[in-house]
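Report on one structure; see the data block that follows.
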Protein chains: 2
Amino acid sequence: MAQLSDNIEQFIKELMREDAHIELRRNELAHHFGCAPSQINYVLATRFSVDHGYIIESRRGGGGYVRIVRMTTRDEPNFLDTLLNRVGNSVNEETANAIITNLNERKMITDREAALMRSAVSRNALALPISAKDVLRAAVFKNMLIQAFKNLEEDERDDV
Amino acid sequence: MAQLSDNIEQFIKELMREDAHIELRRNELAHHFGCAPSQINYVLATRFSVDHGYIIESRRGGGGYVRIVRMTTRDEPNFLDTLLNRVGNSVNEETANAIITNLNERKMITDREAALMRSAVSRNALALPISAKDVLRAAVFKNMLIQAFKNLEEDERDDV
DNA sequence: GTATATAATAGTCAAAGATGGTCAATGGAG
DNA sequence: CTCCATTGACCATCTTTGACTATTATATAC
């Protein structure tokens with residue numbers, strides 16, 4: 001039997017046939033299907049997760065929205081899946097760097113992007129004895145900033 | 001959805017396209033948009049803060065005004081130092097995002113790089129009850145991977 | 001001329017409105 | 001029974017407004 005969730009899923013996929021990303025009002029959609037707004041979240045969580053190849057972005061408050069972005073899996077069908085599996089729930093710096101280097105060599109990320117990634121996952125950025133997340137975030141972010149701007153004059157920033 | 005605040009923001013940015021600083025009447029602008037004058041303050045506070053790269057000056061009384069000044073790199077001799085200081089030892093997600101957006105608007109980082117940075121400092125990436133740094137790193141890294149590959153066909157990866 | 005009142009601005013802050021998110025309890029299909 | 005689906009109460013976040021406050025220029029009183 002066509003479940004409500006299935007219908008909502010199909011409805012959204014229909015909307016996304018043309019565009020790789022759409023924006024919708026959670027409440028509106030819920031009203032359209034005559035269900036609880038949280039039902040929408042359920043559908044998104046179970047059928048539009050990262051594993052399914054989608055990214056959900058949203059915003060609350062007046063003018064709020066839910067944006068669904070379809071990730072493109074390129075040549076290799078489950079490319080992202082493969083990557084994510086390789087990383088798993090835990091990954092050391094060496095492995096992470098190897099993956100980054102590989103992506104960079106395959107021209108899937110630029111040199112600068114690779115550098116950004118390395119700095120974000122570096123020992124320096126994460127190996128702190130901290131509890132507060134803001135403190136940790138600052139460390140990560142600083143590291144990325146340094147990476148991005150340490151060679152200001154050597155980069156063709158305008159070209160990118 | 002085009003929110004009032006968004007419209008006002010765009011309106012102001014349009015005005016500033018040519019000039020690095022503009023002057024306006026708060027009440028006039030409010031009237032133009034048919035909203036409460038304090039709405040203007042809200043927009044300025046949330047979209048034209050120092051973190052966003054703007055400075056607000058104003059004057060009350062007859063002939064009062066609000067001046068919005070876009071900061072330029074020249075205003076900040078040690079650009080990186082300024083950035084790092086602004087981040088400090090602790091920074092919340094909101095501020096970090098404002099800085100990233102500003103860097104992006106100033107074309108100092110690409111859209112993709114901005115996205116990478118945002119994902120690295122996002123709540124999603126860092127708000128974990130962390131014990132093992134590898135676990136945290138995995139979260140950060142996954143986040144960045146997702147960000148990097150979410151819209152392959154829309155990017156001119158070959159150009160970069 | 002100075003002091004004072006008045007008008008013309010802008011700022012602050014807390015409350016209300018408008019969305020979306022989470023999670024645990026409940027329902028229902030196989 | 002068990003698992004997926006559905007709901008609703010409660011939470012979080014963003015926007016908009018309005019009452020009250022602060023500051024400045026100008027007109028008026030003396």
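Since the model is a prediction, treat every value here as computed from it, not as a measurement.
Protein atom CG of B:L4 is 17 Å distant from nucleotide atom P of C:dG17, rounded to whole Å. The distance between atom CG of A:N41 and atom C1' of D:dA9, rounded to the nearest whole Å, is 14 Å. If you take CD of A:E57 and C1' of C:dG21, they are 16 Å apart, rounded to a whole angstrom. In this structure, CZ of B:R67 is placed 15 Å from C1' of C:dT9, rounded to the nearest angstrom. Look at CG on B:N7: it is 14 Å from C1' on D:dT16, rounded to the nearest Å. Residue B:Y65 contributes atom OH, which lies 12 Å from atom C1' of D:dT23 at whole-angstrom precision. Distance CG (B:L24) to C1' (C:dT9): 13 Å, rounded to an integer number of Å. Note: CD1 (B:I40) to C1' (C:dT12) measures 15 Å, nearest angstrom.
Using a 4.0 Å heavy-atom cutoff across all strands shown, A:G62 reaches at least one base atom of the nucleic acid.
At least one side-chain heavy atom of B:I12 sits less than 4.5 Å from a side-chain heavy atom of B:M16. No side-chain heavy atom of B:V66 sits under 4.5 Å from any side-chain heavy atom of B:R25. Contact of the A:T110 side chain with the B:T110 side chain is not registered, since no non-hydrogen atoms from C-beta on lie closer than 4.5 Å. Between A:T101 and A:E105 there is a side-chain heavy-atom pair separated by less than 4.5 Å.
In terms of heavy atoms, B:I100 sits closest to B:R118 at CD1-N, 3.6 Å.
An OP1 or OP2 oxygen of C:dG11 is reached within less than 4.0 angstrom by a side-chain nitrogen or oxygen of B:S58. Between D:dA25 and B:R59, a contact under 4.0 Å exists linking OP1 or OP2 to a side-chain N or O. Contact annotation: B:R60 side-chain N/O to C:dT12 OP1/OP2 distance is not under 4.0 Å. Between B:Y42 and D:dT15 there is a side-chain polar atom (N or O) within less than 4.0 angstrom of OP1 or OP2. Side-chain nitrogen and oxygen atoms of A:T46 include none within less than 4.0 Å of the OP1 or OP2 phosphate oxygen of D:dC4.
With hydrogens and angles left out, the side chain of A:R25 and the base of C:dG20 share no donor-acceptor pair within 3.5 Å.
For residues 29-42 of chain B, no residue pair satisfies the salt bridge (charged side-chain N to carboxylate O under 4.0 Å, His left out) rule, not counting sequence neighbours.
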Run the side-chain donor-acceptor check on residues 33-51 of chain A: report pairs under 3.5 Å with partners two or more places apart or on a different chain.
{"unit_1": "A:Q39", "atom_1": "NE2", "unit_2": "A:S5", "atom_2": "OG", "d": "2.8"}
{"unit_1": "A:N41", "atom_1": "OD1", "unit_2": "A:R26", "atom_2": "NH1", "d": "2.7"}
{"unit_1": "A:T46", "atom_1": "OG1", "unit_2": "A:Y42", "atom_2": "O", "d": "2.9"}
{"unit_1": "A:T46", "atom_1": "OG1", "unit_2": "A:V43", "atom_2": "O", "d": "3.4"}
{"unit_1": "A:R47", "atom_1": "NE", "unit_2": "A:E9", "atom_2": "OE1", "d": "3.0"}
{"unit_1": "A:R47", "atom_1": "NH2", "unit_2": "A:D6", "atom_2": "OD1", "d": "2.5"}
{"unit_1": "A:S49", "atom_1": "OG", "unit_2": "A:D51", "atom_2": "N", "d": "3.3"}
{"unit_1": "A:S49", "atom_1": "OG", "unit_2": "A:H52", "atom_2": "N", "d": "3.4"}
{"unit_1": "A:S49", "atom_1": "OG", "unit_2": "A:H52", "atom_2": "ND1", "d": "2.8"}

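Within residues 27-39 of chain B, the residues having any heavy atom closer than 4.0 Å to DNA chain C are, in order of number, B:N27, B:S38.
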